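Worksheet for the structure shown next.
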Amino acid sequence: MAYRNIMVVGDYNDMSAVAAKIIIDIILEKPDCVLGLPTGKTPAGMYGCLTQLLNDGKVDLSRVCTYNLDEYVGLGPDDKESFHYYMNSMLFSRTAFSAANTHIPNGLAADPEAECGKYEDKLKRSGKIDLLVVGIGINGHIGFNEPGSDFKSRVRVVELAETTRKINARYFKSLEQVPRRAITMGLQNIMEAKRVLLIAGGNEKAPALARAFNGPVSEQVPASVLQRHDDLTVIADRKAAGDLSG
Ligand code: PGA
């Protein structure tokens with residue numbers, strides 16, 4: 001993949017600041033933009049920087065619409081391990097986003113399959129996502145699209161890979177408590193975003209990043225589909241970029 005799409009920055013804090021700046025620039029340029037947002041360890045610093053920029057600049061967020069990538073099946077906004085809780089504590093409760101405009105799949109839906117259809121409909125009604133931010137799993141997943149996911153996949157219920165459950169167990173009391181299923185945007189939803197920003201920090205992400213962007217496009221490495229996106233930016237800190245070649 002063209003190396004020009006990959007921005008290598010010094011460390012995690014630089015990655016966070018650069019990503020936050022890209023997000024705020026889109027909001028300032030298009031006050032009714034649609035954002036796709038991730039959760040996890042990687043974007044935590046980005047949300048910190050973004051919160052500060054938004055509040056310092058008194059940025060109008062009343063018309064910004066957000067869609068999260070995924071949520072665990074079985075967890076709701078009051079569960080500390082849910083992505084809903086994460087978004088509220090990291091960003092939404094600290095900034096002026098309108099609750100009516102922020103969307104996260106409902107992990108507590110009685111019928112998760114029906115919830116996927118509803119989420120897909122909402123996404124369609126919003127029009128194209130202007131900027132979608134994703135992290136990358138050590139197994140190359142984006143959102144919860146685990147290895148083997150169809151490039152044409154849309155919002156759906158997925159089984160989490162054991163590697164993913166084990167890594168995410170750090171947020172739960174035990175591995176047993178980590179949900180086995182999640183609702184995620186599919187790879188096709190991600191590819192339909194006008195612009196995609198992938199952020200990665202730390203040594204542990206280096207092999208996945210290299211497989212995604214130096215290797216062949218393969219359903220075994222879901223992030224590799226992004227090589228086919230025509231407006232992709234990767235922001236990697238030096239450690240995460242350590243295995244990439246030019
Ligand atoms: P992390 O997750 O930011 O917690 O490493 C990234 C991902 O799995 O997409």
Side-chain angles (χ1 to χ4, degrees), residues 9 11-20 23 35-50 67-73 75 80-87 89-91 104-105 107 131-149 153 155-156 158-172 175 178-187 189-191 193 196-213 220-226 229 232-243:
V9 296
D11 63 14
Y12 177 82
N13 291 335
D14 298 328
M15 180 208 78
S16 303
V18 173
I23 298 175
L35 301 174
L37 298 176
T39 50
K41 196 172 70 169
T42 311
M46 175 188 83
Y47 288 132
C49 295
L50 183 61
Y67 284 88
N68 267 79
L69 281 162
D70 44 19
E71 178 61 287
Y72 291 113
V73 169
L75 298 189
K80 289 203 165 57
E81 303 83 5
S82 72
F83 294 158
H84 217 119
Y85 188 96
Y86 175 105
M87 289 307 296
S89 56
M90 290 282 182
L91 187 66
I104 304 176
L131 174 71
L132 183 143
V133 186
V134 285
I136 181 169
I138 60 165
N139 65 357
H141 76 196
I142 45 176
F144 273 138
N145 294 284
E146 303 286 21
S149 294
S153 56
V155 181
R156 68 200 189 289
V158 292
E159 298 281 330
L160 298 181
E162 272 314 290
T163 46
T164 300
R165 291 188 65 246
K166 281 186 188 140
I167 288 164
N168 290 4
R170 62 180 182 246
Y171 302 112
F172 292 80
L175 177 59
V178 184
R180 293 181 185 280
R181 295 190 304 156
I183 294 174
T184 186
M185 279 188 207
L187 293 171
N189 300 103
I190 292 171
M191 289 298 280
V196 176
L197 180 62
L198 184 144
I199 53 175
N203 292 321
E204 62 177 11
K205 298 295 171 70
L209 212 58
R211 286 173 70 218
F213 297 112
Q220 290 315 308
V221 187
S224 67
V225 73
L226 295 174
H229 197 284
L232 167 72
T233 306
V234 177
I235 304 174
D237 71 7
R238 251 186 230 118
K239 289 178 176 168
D243 290 355

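Quick caveat: nothing in here was measured; it's all calculated off a predicted structure. In each ligand, atom 1 is the first atom listed, and ligand 1 is the first ligand listed.
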Going by heavy atoms in the side chains, are [X] and [Y] under 4.5 Å from each other?
X: Asn189; Y: Leu132; answer: no
X: Pro222; Y: Phe144; answer: no
X: Val73; Y: Pro179; answer: no

Going by the 4.0 angstrom heavy-atom rule, the piece of Glu146 near ligand 1 is neither
Using a 4.0 Å heavy-atom cut-off, say whether Ile167 meets ligand 1 through its side chain, its backbone, both or neither.
->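 Neither part.
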Per-atom contacts, ligand 1 versus [X] - under 4.0 Å to a heavy atom:
X: Lys41; result: 1 (P), 3 (O), 4 (O)
X: Gly135; result: 9 (O)
X: Arg170; result: 4 (O)

In terms of the angle between their ring planes, are Tyr86 and Tyr47 parallel, tilted or perpendicular, with boundaries placed at 30° and 60°?
->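 Rings of Tyr86 and Tyr47: perpendicular, over 60°.
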For atom 6 (C) of ligand 1, what is the nearest protein heavy atom, given as residue, atom name and distance?
-> Ile136 O, 3.6 Å
In the protein, which heavy atom is nearest to atom 7 (C) of ligand 1, and how far is it?
->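 Sorting protein heavy atoms by distance from atom 7 (C) of ligand 1 puts His141 NE2, 3.4 Å first.
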Judged by non-hydrogen atoms, does Lys205 sit under 4.0 Å from ligand 1?
-> yes
Thr39, Thr42, Thr164: member with heavy atom nearest to atom 1 (P) of ligand 1 = Thr42
Rounded to the nearest 0.5 Å, what separation is found between the CD1 atom of Ile167 and the CD atom of Glu204?
-> 7.0 Å
Kindly compute the distance separating CG (Asn68) from OG1 (Thr39), expressed to the nearest 0.5 Å.
->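 It is 6.5 Å, given to the nearest 0.5 Å.
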Step through the shown structure and confirm whether more than 12 heavy atoms of other residues, nucleotides or ligands are within 6.0 Å of OH on Tyr85.
->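 Open.
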